[in-house]
Amino acid sequence: MISPEERLKVFQAENHITTKGPLSLVVQFTRMVRDKAFPLNPDDFQTSSKGQVAGLGGANLKKILKEHGITQQLSSEGGRTSRGSMGLMIKYVDFLNAWNAEEAVDFAIVEDFWAEQVREYFRNQPFVLTADTSKTIGANLDDLFEQAKKRQKQNAGTQYLGTVLQHLVAAKLCLILPEGSFEIHGASVADGPTDRNGDFVIGNTVIHCTTMPGALLIEKCKANLRAGCHPVIITIFERVHTALNLAEDAGLAGRVEVWDIQQFLSANIYEHSLFDESKRNSTLSGIIDRYNKIVLEAETDPSLRIEFEAR
């Protein structure tokens with residue numbers, strides 16, 4: 001007999017339930033009918049005007065998702081005004097009725113399934129970099145990095161922030177150096193297996209990208225120096241002093257460059273736009289375009305993409 005998950009996956013695929021409107025509906029409708037008697041009648045779930053599905057709303061959706069540990073807002077309207085909601089509701093009723101005719105529907109399993117699809121929806125959403133000219137470039141980048149930190153907390157075992165940082169550095173380097181000047185690898189690829197001395201090797205300069213400078217990184221910097229190379233650490237702003245202190249404690253004070261990613265990118269943007277405010281966003285957009293190309297080629301996770309919004 002087909003499993004509940006398999007049934008639901010088929011229904012999801014056939015009805016394209018992957019965006020926020022359809023997901024909002026099935027999450028709430030599942031909760032709505034779990035104590036109803038079968039067979040379900042779709043007429044019982046329509047507003048008096050027959051124009052909308054009754055009982056849908058943003059507050060209700062938020063409450064249900066919160067019970068599943070999901071705090072992001074999926075839809076402020078809860079799918080109430082989404083085009084196609086009525087048709088999907090009728091199809092869902094037919095699906096549940098047919099399922100119940102074969103065996104009792106376990107609505108706890110059904111609701112858990114749809115909650116996981118909501119999580120998947122959020123996991124696949126790109127990050128958003130809003131180029132707000134009323135703020136500094138660094139402040140705009142901080143907003144982007146906060147998104148990566150938040151997603152990292154919501155998905156244990158992932159390193160979104162470090163991956164975004166590394167590929168933004170690669171994107172900037174691509175724009176200022178001749179093609180083929182250095183190799184680009186996926187962020188999860190360790191230095192050792194690829195015989196690299198760091199994340200990027202350009203001439204005798206070795207660039208290390210990290211959000212958490214530690215003892216292992218300092219050992220790599222020592223190895224770089226022994227090999228006659230110049231190590232550079234690029235990290236997030238709040239970790240700059242950590243990296244400097246670690247270098248000093250290891251006797252490398254004055255021998256390792258430490259830059260924060262915000263200034264590393266900001267300086268480049270100002271330089272390439274010739275300090276012309278009107279050109280700032282186009283320069284930043286160019287870095288993001290290159291970043292997205294790198295993600296497409298080097299990573300398998302589409303949610304690492306960055307959507308650029310200019311204000």
Side-chain angles (χ1 to χ4, degrees), residues 1-126 147 150-158 160 301-303:
M1 185 175 290
I2 186 172
S3 71
E5 289 81 4
E6 289 172 321
R7 286 182 187 270
L8 289 160
K9 284 179 181 178
V10 170
F11 180 76
Q12 180 185 25
E14 289 177 345
N15 294 280
H16 311 291
I17 306 173
T18 54
T19 55
K20 60 184 181 180
L23 285 169
S24 297
L25 182 141
V26 293
V27 166
Q28 294 176 91
F29 198 80
T30 300
R31 175 65 63 91
M32 196 186 307
V33 302
R34 63 181 179 179
D35 295 321
K36 301 287 185 183
F38 278 90
L40 303 172
N41 185 343
D43 293 340
D44 295 338
F45 306 101
Q46 300 180 36
T47 58
S48 57
S49 65
K50 304 295 183 182
Q52 294 181 347
V53 179
L56 303 184
N60 183 51
L61 176 63
K62 183 177 181 180
K63 175 179 175 294
I64 297 170
L65 293 179
K66 188 175 181 181
E67 292 177 21
H68 291 271
I70 302 170
T71 57
Q72 302 105 307
Q73 184 181 63
L74 182 61
S75 170
S76 60
E77 295 289 334
R80 186 175 63 250
T81 59
S82 297
R83 293 177 62 185
S85 288
M86 185 65 71
L88 177 58
M89 181 272 286
I90 294 171
K91 290 179 181 178
Y92 195 33
V93 166
D94 291 342
F95 167 74
L96 292 173
N97 282 337
W99 186 354
N100 185 73
E102 294 182 29
E103 61 176 351
V105 178
D106 188 332
F107 282 101
I109 291 176
V110 177
E111 190 168 295
D112 284 345
F113 175 86
W114 292 126
E116 182 57 29
Q117 304 317 302
V118 173
R119 292 189 191 94
E120 185 68 15
Y121 169 82
F122 284 120
R123 282 195 290 263
N124 289 329
Q125 293 305 294
Q147 294 173 47
K150 186 175 181 181
R151 190 175 295 181
Q152 196 161 291
K153 288 180 181 178
Q154 293 165 344
N155 297 278
T158 59
Y160 287 107
D301 184 353
S303 73

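Here, residue 1 is the first one in the sequence, and each next residue gets the next number. Values below: all heavy atoms of this structure, side chains included; hydrogens, waters and symmetry mates excluded. Computed from a predicted model, the values in this text were never measured in an experiment.
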CE-CD distance between Met89 and Gln46, expressed to the nearest 0.5 angstrom:
4.5 Å

Expected output: side-chain Asn100 to main-chain Leu96 donor-acceptor under 3.5 Å:
no

Nearest-0.5 Å distance that lies between atom CD in Gln117 and atom CZ in Arg123
8.5 Å

Over all heavy atoms of both residues, which pair between Ser85 and Leu25 is shortest? Give the atoms and the distance, please.
O-CD1, 3.2 Å

Can you name the residues that form a side-chain hydrogen bond (donor to acceptor under 3.5 Å, both in side chains) with Gln125, not counting sequence neighbours?
none

Less than 4.5 Å apart, any side-chain heavy atom of Ile64 and any of Glu111?
yes

Atom pair CZ/CD of Phe113 and Glu116 - distance to nearest 0.5 Å:
9.0 Å

Tell me, please, which residues at least two apart from Glu14 pass side-chain hydrogen bond (donor to acceptor under 3.5 Å, both in side chains).
none

Relative to each other, are the rings of Phe95 and Phe11 parallel, tilted or perpendicular (30° and 60° limits)?
parallel

How long is the gap from CG on Leu88 to NE2 on His16, to the nearest 0.5 Å?
11.0 Å

If you define the side chain from C-beta out and look only at heavy atoms, does anything of Leu8 sit under 4.5 Å from Val110?
yes

Below 4.5 Å, heavy atoms only, C-beta onward: do Phe122 and Ile70 meet side chain to side chain?
yes

Applying side-chain contact (heavy atoms from CB on, under 4.5 Å), can you list everything that pairs with Asn97, at least two apart in sequence or on another chain?
Phe38, Pro39, Leu40, Val93

Please report the closest heavy-atom contact between Lys20 and Leu74, naming both atoms and the distance.
CD-O, 3.3 Å

Side chains of Phe107 and Asp35 in contact at under 4.5 Å (non-hydrogen atoms):
no

Answer whether the closest heavy-atom distance between the side chains of Gln72 and Leu65 falls below 4.5 Å.
no

Check: Ser24 main-chain N/O paired with Gln28 side-chain donor or acceptor under 3.5 Å:
yes

Any Lys/Arg nitrogen of Glu6 or Lys9 sitting under 4.0 Å from an Asp/Glu carboxylate oxygen of the other?
no

For residues Arg34 and Val105, determine if any side-chain heavy atom of one lies less than 4.5 Å from a side-chain heavy atom of the other.
no

Side-chain contact, heavy-atom cut-off 4.5 Å: Ile17 with Tyr92?
no

Quick one: does Tyr160's side chain get under 4.5 Å of Lys150's, heavy atoms only?
no

Roughly how far apart are Leu61 CG and Leu56 CG, rounded to 0.5 Å?
9.0 Å

Testing the basics here: between Gly55 and Asn60, what is the closest heavy-atom pair and its distance to 0.1 Å?
O-ND2, 3.8 Å

Ion pair check, Glu67 and Lys63, cut-off under 4.0 Å:
yes

Going from NE2 on His68 to CH2 on Trp114, what distance comes out if it is rounded to the nearest 0.5 angstrom?
13.0 Å

